[in-house]
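Ligands are counted one by one from 1 in listed order, and the atoms in each one are counted from 1 as well. Every value quoted in this text rests on a predicted model; they were computed, and no experiment measured them.
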Amino acid sequence: MTLLSTIKKPQDLKQYSSKELYYIAKDIREKILSTVSVNGGHLASNLGVVELTLAIHSTFNSPVDKIIWDVGHQAYAHKLLTGRQEVFDTIRQYGGISGYPVIEENVHDCFGAGHSTTSLSAALGMAIERDLAKRNNHIIAIIGDGSLTGGMAWEALNNIGHLQKKVIIIINDNQMSISPNIGSISRYLNGLRTAPMYEDIKRNTVTALEKIPLIGKGLSKTIERLKNSLKYFMINGIVFEELGFTYIGSIDGHDIEAMQIALQQAAISRAPVIIHCVTKKGYGCDYALKSPDVYHGIAPFNVKTGELLKARKVKTFSQVFGESLVDLAEKDKRITAVTAAMTSGVGLQRFAKVHSNRFFDVAIAEQHAVTLAAGMAAAGLKPVVAIYSTFFQRAFDQILHDVALQNLPVIFAVDRAGLVGHDGATHHGVFDLSYMKMIPGMTIMAPCNGAELTEMLRFAVEQDNPVSIRYPRGSSEIFTKQQNSWPLELGKSEIICTGREVVIWAIGNMVAVAYQCAQQLQEEQISATVVNSRFLKPFDTELLKKLASSSRLIVSLEDNVIEGGIGETIAIELVRNNINTPFIPLGIPDKFVSHGNIGLLRKELGLDSKTICQQIKAELAR
Ligand SMILES: Cc1ncc(C[n+]2csc(CCOP(=O)(O)OP(=O)(O)O)c2C)c(N)n1
């Protein structure tokens, strides 16, 4: 029996000394390693916050006190301490617990996340409610130095500092975003961490803090007496102090006792507090510590060596994108590449090296990335902004107001479009066709394989208007049966195979599924035409009209929500052109899709070839 197994709820931690908490830390690390090595998931970030999580839960009283994790990818220890040990091995699996905090999953997950830089605003919202209700519970937000580069964090700091609402903000500074953190905020934190007087200040103040008997009433005089020593801290965190916060730091986030003392001090402060704690991503595991970027989010691996269990053989869409852009930028010196803290995720590592003066990683700042690109385009450059579909959602107004309204030739490389699998609802990229399509002047494309992505990029660079190209996670060789190939023509779709009874009009990675359906139907003497839509906008209405008039059924297939996607587009075109051929729109229904293996999710949604064929046959039989 491990000590960890005695913890059924966070309050159970209070019976243990800080020395014993280190044994629990060891148990937690083992559990995280053994589980993530099988399920895949976020490793390095979680290993880095084990002691910090223990310090928080042993000091505060969740769920009365609210603990908010920014991004939420680092909440595994939190899950293990809040009643989820028994189901922890189901994490990120279909039907299992989520890899992120989810309000409906557990009472200790007081605010869900997956996208970065939301915790401080949410914390302030909760603090406002608490004060209106005249309660005195604590609200604690934990935000990484990477997430602190997001604009929303500074909007919230501005607001919290102004309202002077009591919120405890823990900056978990590990000098890393997914890759090493960048930017002047990171430089500032680095300065604080390495301030020359830091060790002395810490020692003096910790000695003073140790004299505090208990948290509670009657301590305000003690605090007053401590003010002088705290001033030293404040001098270090002058920017935060000027914003209206008490700054405590920097503290070693792996030192449970030091963190507990800092948290107790924060608890009795009247002002909002920032605790700056320093941790190491991957702490306690050699390979993760050595390459925290590689082990940030990782597929199943050998727990002893850290080696991936399945080596990737084929190129991903992201790799094809990155390589194609390097080549295009060789010829066209106007091309720049912009990413928001996802250089490697979107495949731009080589571009960053080869065309370093035209590569811009702006940190977790999707809105800024888009308007930065708008500025570049207005000045004559050809920016390509590569961001995951789900994170582009952040920049909707920038895409609309700063780019499209001015008809600027910015290329949006929309990576991880469609279902992404184990990261779940916060990360599925199933809305971009809809939010891009409603924007006037936007050209929208989706390749069915890597070769087509290369062509689409080349085509996009030649356009004088905003262009969005969406492509999925994973292999770029999902479909190899293209017929008439190139060149691309604006707004023209491609016929993959022809049949008499049914037209399956698919877009992007669903072309592969449509083709599978056609083959399966063929076995039952039902012949199908498969269309690779290529463009959603402009849409190939002429081809639709032609095919609709000679077939019994039209089916659209997309891994975007049907609302606003290709299904809705076809429905409108059919109505506009007075065509009454029966039509079935297939895609993501009007709900948030959970996490798990993509094959299982597709089955659940009726988007696997077997279920699609059954629907087609049922409709044709009517
Ligand atoms: C809006 C948004 N953009 C990008 C991401 C992808 N992402 C997930 S974690 C992460 C790095 C976060 O760094 P930090 O907050 O310092 O946490 P750490 O992993 O270092 O603990 C990024 C960029 C995201 N989750 N949300």
Side-chain angles (χ1 to χ4, degrees), residues 32 36 41-53 68-78 98-101 112-121 141-153 169-183 185-186 189-190 193 253-254 276-283 288-289 291-298 318 338-346 348 361-370 385-396 398 414-416 420 422-429 473:
I32 289 176
V36 177
H42 289 97
L43 185 69
S45 318
N46 278 296
L47 294 176
V49 297
V50 174
E51 288 79 14
L52 172 60
T53 310
I68 307 171
W69 297 93
D70 204 278
V71 187
H73 64 309
Q74 76 294 51
Y76 293 8
H78 162 81
S98 166
Y100 297 89
H115 289 197
S116 133
T117 324
T118 61
S119 63
L120 307 191
S121 305
I142 305 102
I143 182 165
D145 56 312
S147 299
L148 204 61
T149 60
M152 259 180 89
I169 297 170
I170 302 172
I171 299 177
N172 172 31
D173 179 6
N174 53 24
Q175 294 180 278
M176 297 289 289
S177 191
I178 290 180
S179 346
N181 202 10
I182 49 159
I185 294 167
S186 171
L189 289 177
N190 194 35
R193 205 172 24 231
H254 299 296
H276 177 190
C277 85
V278 176
T279 61
K280 289 197 172 81
K281 214 162 164 168
Y283 191 76
L289 194 60
S291 313
D293 48 348
V294 175
Y295 292 93
H296 174 87
I298 186 91
S318 313
V338 180
T339 178
M342 304 294 283
T343 304
S344 119
V346 297
L348 283 173
D361 177 355
V362 301
I364 307 179
E366 288 80 6
Q367 298 170 308
H368 163 65
V370 171
V385 188
I387 291 178
Y388 290 5
S389 165
T390 189
F391 303 139
F392 259 127
Q393 287 163 200
R394 278 275 160 97
F396 177 71
Q398 284 74 10
V414 184
D415 199 331
R416 303 303 196 270
V420 295
H422 301 281
D423 275 328
T426 53
H427 282 62
H428 292 313
R473 178 173 189 269

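Atoms CH2 and OG1, from Trp69 and Thr53 in turn, are 3.5 Å apart once rounded to the nearest 0.5 Å. Between the NE2 atom of His427 and the CZ atom of Arg416 there is a distance of 10.0 Å, given to the nearest 0.5 Å.
Of all non-hydrogen atoms in Asp70 and Ser119, the two that sit nearest each other are OD2-OG, 2.6 Å.
Annotation: side chain to side chain donor-acceptor pair (under 3.5 Å) contacts of Ser98 (sequence neighbours excluded): none.
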N or O contacts of ligand 1 with protein under 3.5 Å, please list pair by pair.
residue	atom	partner	partner atom	Å
ligand 1	3 (N)	Glu366	OE2	2.6
ligand 1	15 (O)	Ser147	N	3.0
ligand 1	15 (O)	Ser147	OG	2.6
ligand 1	16 (O)	Asp145	N	3.4
ligand 1	16 (O)	Asp145	OD1	3.3
ligand 1	16 (O)	Gly146	N	2.7
ligand 1	16 (O)	Met176	O	2.9
ligand 1	19 (O)	Ser45	OG	3.0
ligand 1	19 (O)	His73	NE2	2.7
ligand 1	19 (O)	Lys281	NZ	2.8
ligand 1	20 (O)	Asn174	OD1	3.2
ligand 1	20 (O)	Asn174	ND2	3.0
ligand 1	20 (O)	Met176	O	2.9
ligand 1	20 (O)	Lys281	NZ	3.1
ligand 1	21 (O)	Asn174	ND2	3.2
ligand 1	25 (N)	Gly114	O	2.9
ligand 1	26 (N)	Ser116	N	2.9

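With hydrogens and angles disregarded, a donor-acceptor distance shorter than 3.5 Å links the side chain of Tyr76 to the backbone of His42.
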Let me see the working for Met176 and Asn181 under side chain to side chain contact (heavy atoms under 4.5 Å, CB included), right down to the final yes or no. CA-CA 5 Å; Met176 297 289 289; Asn181 202 10; 5.7 Å; no
